[in-house]
Amino acid sequence: MPRFIVLPGDGIGPEITDATLHVLRAADARFGLGLTYDFHEIGLKTLASQGTTLPASVMEAAKTCDGVILGPISHLDYPTKDKGGVNVSAAFRVGMDLYANVRPARTRPGLGRGHQPLDLVIMREATEGFYPDRNMFQGSGEFMPTPDVAISMRKLTRHACIRIAERAFELARIRRRKVTAVHKANTFIVTDGFWLRCVREVAARFPDVVLDEIIVDACAAILVRDPQRFDVLVATNFHADILSDLASELSGGLGLAGSTNENEVLCCAQAQHGSAPDIAGQDKANPVSLILSAAMLLEWHEKRRGNAAAGAAARAINDAVDALLADPATRTVDLGGPMGTRAFGQALAARLEG
Ligand code: ATP
Ligand code: MG
């Protein structure tokens, strides 16, 4: 009986989480998954009640659960970190060592915003890079030596680069057998040069997978011009974060962009977008991003825990999403359709129940 912890988060988080649970319960009824859920508050609510956006009790619960459904967390109105406003996504990924942020983008029929369809996965390293590393830099990777100078540091380790590259090549083996390594080694000779050498080292162990290399700025251009060049992209944390917003927007919109944060023992479903405070509480958010993330969590259960029913449920959810989005009458507001968050979740659940 897989036990998931559910962290609805801020902004549109509670609405898209509700819709996602509605869909999961329908999938559960059909495929007999036996899922159970524990709910915990995080984000602005616990900042007010407990003085932190990420209570220690949530991290404890995550250590013994079988999966996490993580809603978006607001970053806009945070007080400084010493007042408890930690970046929940980053702290959760680093704290649980969820080093692979898997970010697919696939154009749904009739919804692409680029001039060519795309079908790719960005494998994002999620524990280091330009993101502040508390352990190494004692508080933050950013500082101001004088009031007029700001400095940011970036850490890459062999351990982290090798393991994310391995996940990319493994994934490519069950896709179109091509990995594109994204880098800026022409300018960041030490860090990106090191990154590229690590990826090449892993590539040598996967002779059946083609290694392609591209400079990050060219990658942004080629994503628009010729996205069919890409199958699996592997990139360091910051580059992948930017490119995945571009890829998901080209595929149809941020509201469609699911992702997981995962390692070999735990998987966390999390939409690629943020808390979208501009549309929060209005039943306008597209829940597909979190629903597809939850489907990826079920796929993880098939792959890592041999749970075939979870894999079948994931495929049924994807098919039902495709079917609803193919019809303009059952699209959400962000895609020009009439459906609110709740109605879309209900329609999807009804379709799954058949
Ligand atoms: P945060 O600070 O939490 O990242 P943000 O203002 O950057 O919030 P995002 O969630 O990153 O907002 O998304 C940017 C914009 O894209 C939002 O303002 C919203 O209009 C739109 N958007 C994002 N997610 C969705 C969604 N699921 N459904 C519909 N629109 C969305
Ligand atoms: Mg944002």
Side-chain angles (χ1 to χ4, degrees), residues 2 4-28 33 35 37-43 62 65 67-75 88-89 92-93 98 101-106 108 111 244-245 248-249 251-262 267-301 310 313-314 316-322 324-325 331-335 339-349 351-352:
F4 290 169
I5 63 170
V6 182
L7 314 171
D10 299 320
I12 60 172
E15 297 162 78
I16 62 173
T17 304
D18 268 358
T20 300
L21 289 174
H22 210 71
V23 170
L24 279 179
R25 288 187 172 119
D28 199 341
L33 305 177
L35 301 176
Y37 306 95
D38 287 344
F39 294 81
H40 297 265
E41 286 184 343
I42 52 165
C65 73
V68 183
I69 295 177
L70 174 60
I73 309 96
S74 174
H75 297 281
V88 174
S89 297
F92 199 76
R93 288 173 188 144
L98 299 171
N101 184 199
V102 186
R103 296 189 151 187
R106 173 167 71 83
R108 309 268 161 178
L111 289 176
S244 56
D245 261 32
S248 63
E249 199 58 37
S251 78
L254 272 179
L256 302 176
S259 82
T260 53
N261 305 291
E262 54 177 81
C267 179
C268 166
Q270 182 186 24
Q272 290 183 33
H273 56 73
S275 64
D278 53 332
I279 54 167
Q282 300 167 40
D283 196 39
K284 278 189 193 159
N286 188 345
V288 167
S289 48
L290 192 58
I291 291 167
L292 292 179
S293 308
M296 291 172 71
L297 167 58
L298 295 177
E299 276 170 19
W300 182 92
H301 271 264
I317 292 171
N318 265 287
D319 290 348
V321 166
D322 276 350
L324 282 191
L325 293 183
R331 287 182 187 158
T332 45
V333 178
D334 56 320
L335 304 175
M339 280 202 149
T341 313
R342 184 187 295 267
F344 187 88
Q346 284 167 351
L348 196 57
R351 206 177 170 94
L352 277 168

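Heavy atoms only: backbone and side chains are in, while hydrogens, waters and symmetry mates are out. Along the sequence shown, the residues carry numbers beginning at 1.
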Audit row: Leu348, Val288, side chain to side chain contact (heavy atoms under 4.5 Å, CB included) steps and yes/no: CA-CA 10 Å; Leu348 196 57; Val288 167; 5.8 Å; no
Distance check, rounded to the nearest 0.5 Å: [X] atom [atom1] versus [Y] atom [atom2]?
X	Y	atom1	atom2	result
Cys268	Leu98	SG	CG	6.5 Å
Leu35	Leu298	CG	CG	6.5 Å
Ile291	Thr17	CD1	OG1	10.0 Å
Arg103	Gln270	CZ	CD	7.0 Å
His22	Leu352	NE2	CG	10.5 Å
Leu254	Glu249	CG	CD	5.0 Å

Audit row: Ile73, Phe92, side chain to side chain contact (heavy atoms under 4.5 Å, CB included) steps and yes/no: CA-CA 12 Å; Ile73 309 96; Phe92 199 76; over 6 Å; no
Examine distances only and state if a side-chain atom of [X] and a backbone atom of [Y] form a donor-acceptor pair shorter than 3.5 Å.
X	Y	value
Thr341	Pro287	no
Ser293	Thr260	no
Thr332	Met339	no
Glu15	Gly281	yes
Gln272	Gly258	yes
Asp18	Arg342	no

Do [X] and [Y] touch side chain to side chain, with heavy atoms closer than 4.5 Å?
X	Y	value
Val88	Leu7	no
Val68	Asn261	no
Leu24	Ile69	yes
Leu33	Pro2	no

For the residue pair [X] and [Y], what are the closest heavy atoms and their distance?
X	Y	value
Ile317	Ala27	CD1-CB, 4.1 Å
Gly11	Ala280	C-CB, 3.5 Å
Gly9	Pro14	O-CD, 3.6 Å
Pro104	Ser259	CD-CA, 4.4 Å
Thr20	Ala294	CG2-CB, 3.8 Å
Ala314	Ala295	CB-O, 3.3 Å

Option passing salt bridge (charged side-chain N to carboxylate O under 4.0 Å, His left out) with Asp322 (candidates Arg108, Arg331, Arg351): Arg108
Step-by-step side chain to side chain contact (heavy atoms under 4.5 Å, CB included) determination, Glu299 to Asn318: CA-CA 11 Å; Glu299 276 170 19; Asn318 265 287; 4.1 Å; yes
Plane angle bin for Tyr37 and Phe4 - parallel if under 30°, tilted between 30 and 60°, otherwise perpendicular: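 Aromatic pair Phe4/Tyr37 classed perpendicular.
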Single hit among Val333, Leu325, Val23 for side chain to side chain contact (heavy atoms under 4.5 Å, CB included) with Phe344: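 So, applying the side chain to side chain contact (heavy atoms under 4.5 Å, CB included) to Phe344 and each of Val333, Leu325, Val23, only Leu325 qualifies.
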Those residues that, when tested against Asp38, pass salt bridge (Lys or Arg N to Asp or Glu O under 4.0 Å) (two or more places apart):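 For Asp38 the salt bridge (Lys or Arg N to Asp or Glu O under 4.0 Å) partners, ignoring immediate neighbours, are Arg3.
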Worked verdict on Ile16 versus His273 for side chain to side chain contact (heavy atoms under 4.5 Å, CB included): CA-CA 12 Å; Ile16 62 173; His273 56 73; 3.9 Å; yes
Distance-only donor-acceptor check, side chains Asp10 and Ser74, under 3.5 Å: no
